[in-house]
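Below is one structure, written out as structure tokens; the observations come after it.
This one's a predicted model, so the numbers in the text were calculated from it and none came from an experiment. Quick note on labels: first sequence line is chain A, next is B, and so on, each numbered from 1.
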Amino acid sequence: MAKNTPQAIRGTQDIFEEAEAFSFVVDTFERVRKLYRFRRIEMPVFERTEVFSRPLGETTDVVSKEMYSFEDRGGESLTLRPEFTAGIARAYLTNGWQQHAPLKVATHGPLFRYERPQKGRFRQFHQINAEILGAADPQADVELLAMADQVLRELGIEGVTLNLNTLGDPESREAWRAALVEYFEAHRGDLSEDSVTRLEQNPLRILDSKDRGDMALVKDAPTIDDYLTDEASSFFDSVTSGLDAAGVSWRRAPRLVRGFDYYRHTAFEFIPDEGSTAADALGSQSTVLGGGRYDGLMETLGGAHTPSVGWAAGIERLAMLVTASGKVSDNHLDAAIIPMTDAALAAALDLARDLRGQWQTVEIFGTGKIKRRMARADEAGALVAVLIGEDELSSGEVTVKDLHEGEQVRTAPSDVGDIVAKAQNAYYMRSWREQGIDIPDMDAWPDDLPDDFFANPEDRHRDFE
RNA sequence: GCGAUCGUAGCUCAGUUGGUUAGAGCGCCGGUUUGUGGUACCGGAGGUCGGGGGUUCGAGACCCCUCGAUCGCCCCA
């Protein structure tokens, strides 16, 4: 470690190797969110502390221990956002977004929690997020979940299923809570020390205790089904039948809960199946994507009753799974341009501009010995190397070498684009073959393509993606 | 906030019961090769051993403090 270099802040991460997977997650989310017409919103990274503290109420730990709060120069307490929902709710109220209700919004970015870093937990982390605001109808839950399901499928993540529960309306929830307290009170002596304090502070949380003894008790604890009102029950039925109709597979998770009072009805988490590759990568307890209905949130911020649902998913965690699935695009290099003398640099820059204009990836290797430049082109996985030296300059040509076949030709710079395109074809054919993908009959292609197919480089790029 | 383990070259690590100028592999730069990818061989650069203090004739190693990392617990919006 350099002695005079400042260190990064604890719990922050500099993402390098994983960044391509990270970007793939965000791009996929953006693409899918448009299919469902969720509107993109951008939110401030910090808010008045009360925006986040008021919805949480009296819970001491989260507010006092887990929030990244500080005073600004005016003495105002500010907090780096620990989640998206509260800030979005504040914006909904302060900007009069009620006029757009029901409003479907999506966003992503960094969040901050003052936590001890450990596996999969950082002080700055990143989430993708989707909300439907001002929608009391169970159809909103279904659409939101269908979108979440599609995001995961488009990411190529397998072995993760939707775990679903309902917390009912306030009446149902309160009755269930009372029954749980009564049940655990009767077994107080068998509860772990932590769960005894949970019994006082947040009894629902006993249901996801990690203590073995607690888990045994939890197995026989009352479930909410016996306490659901007719309204709450039919709401949940609508959600589940809607999911079935939408082709979203799910599993009932009667002990899945949310601790805070503003949650109502639907609560859900996408969790890796036991023994799946996703579970191996993250551990079977790790939630990949979670959310629920928070009908009671807006009131805590001084707004009118505004039923809403939302979910969030950790980008780092998804990126880990995506890396395992091998679906991330490799961003290979099409052409490495190698000017062999300083005089050739201008020609190299000119050709690079031309090729990049045709959506071909290009890098110029113009430093070090020629041998070294070639080696770098090879390491970068370039499909072709384009050599420009004194001979080429005097004849107005360039030398193009296919780095897989080893053959090279002298040609006019204007022909390089087509040569690279052919090399791209060969490249994709090779990679499909390696992946065991059925290769269509290439000979049939040129006749079927419109004459001007290659005239629009954007089309070509899209077709080969 | 509590607990455990760990910090040696850019990276992965070795370094004996405390003992002379702290090593290896990979990577980087150069040479054998004046305009061509690989391999091999040869050479080079690169460390106040996370930081501070202490014990000792002598500390990378032992003790204390501190910073950081990893993994748990609490918490999880």
TODO: For C13(B) and C6(B), measure between their C1' atoms and round to the nearest Å.
DONE: 14 Å

- [ ] Compute the ring centroids of Tyr92(A) and His100(A), then answer whether they are less than 6.0 Å apart.
- [x] no

- [ ] Kindly say whether Met298(A) contributes a backbone atom to a donor-acceptor pair with the side chain of Tyr262(A) at under 3.5 angstrom?
- [x] no

- [ ] Spell out yes or no: do the side chain of Lys119(A) and the base of G72(B) have one donor N/O and one acceptor N/O closer than 3.5 Å?
- [x] no

- [ ] Assign Arg198(A) to base, sugar-phosphate, or nothing according to its heavy-atom contacts below 4.0 angstrom with the strands shown.
- [x] sugar-phosphate

Open item on the list: Please determine whether any donor N or O and acceptor N or O are separated by less than 3.5 Å between the side chain of Arg121(A) and the base of C75(B).
Closed with: yes

Open item on the list: So, does Lys369(A) get its side chain near the phosphate of U34(B), meaning an N or O under 4.0 Å from OP1 or OP2?
Closed with: no

Open item on the list: Regarding Gly406(A), tell me which of base, sugar-phosphate or nothing describes its non-hydrogen contacts under 4.0 Å with the strands shown.
Closed with: base

Taking only nitrogen or oxygen atoms into account, show me every contact under 3.5 Å that the protein makes with nucleotides 1-5 of chain B, one pair per line with its distance.
none

Task: Gap in Å between the two C1' atoms, one belonging to A59(B) and one to C2(B), rounded - done: 32 Å

TODO: Give the stems involving RNA chain B, where a stem is 3 or more consecutive Watson-Crick or G-U wobble pairs (i with j, i+1 with j-1, and so on) under 3.5 Å.
DONE: B:1-7 with B:67-73, B:10-13 with B:23-26, B:28-32 with B:40-44, B:50-54 with B:62-66

Report all interatomic pairs (protein N or O, nucleotide N or O of nucleotides 38-40 of chain B) with separations under 3.5 Å.
none

Task: Flag side-chain contact, heavy atom, 4.5 Å: Trp250(A) against Asn163(A) - done: no

- [ ] Measure from the side-chain heavy atoms of Asp194(A) and tell me the nearest of G35(B), C76(B), C74(B).
- [x] C74(B)

TODO: Establish, yes or no, whether a centroid distance under 6.0 Å links the rings of His332(A) and Tyr427(A).
DONE: yes

Task: Interatomic distance at C1', G18(B) relative to C49(B), whole Å - done: 15 Å

Task: Side-chain N,O (Arg376(A)) to OP1/OP2 (C28(B)) below 4.0 Å - done: no

TODO: Tell me what Arg10(A) touches on the nucleic acid: a base, only sugar-phosphate, or nothing, going by heavy atoms under 4.0 Å.
DONE: sugar-phosphate

Task: Main-chain N/O of Ser209(A) paired with Asp214(A) side-chain donor or acceptor, under 3.5 Å - done: no

TODO: Look at the aromatic rings of Phe46(A) and Phe70(A) and report parallel, tilted or perpendicular, splitting at 30° and 60°.
DONE: parallel

Task: Distance, P atom - from G50(B) to A69(B), rounded to whole angstrom - done: 16 Å

TODO: Answer with base, sugar-phosphate or nothing: what part of the nucleic acid does Lys401(A) contact at a heavy-atom distance below 4.0 Å?
DONE: base

Open item on the list: Any side-chain to backbone donor/acceptor pair from Asp334(A) onto Val420(A)? Under 3.5 Å, distance only.
Closed with: no

Task: Donor-acceptor under 3.5 Å (Arg33(A) side chain, Phe38(A) main chain) - done: yes

TODO: Count the heavy atoms of every other residue, nucleotide or ligand shown that sit under 6.0 Å from CZ of Arg188(A), and state whether that count exceeds 12.
DONE: yes

Open item on the list: Would you say that more than 12 heavy atoms from the other residues, nucleotides or ligands in this model lie under 6.0 Å from the CZ of Arg356(A), or not?
Closed with: yes

Open item on the list: Check whether Tyr294(A) forms a cation-pi arrangement with Arg264(A) (NZ or CZ under 6.0 Å from the six-membered ring centre, at most 45° off the ring normal).
Closed with: no

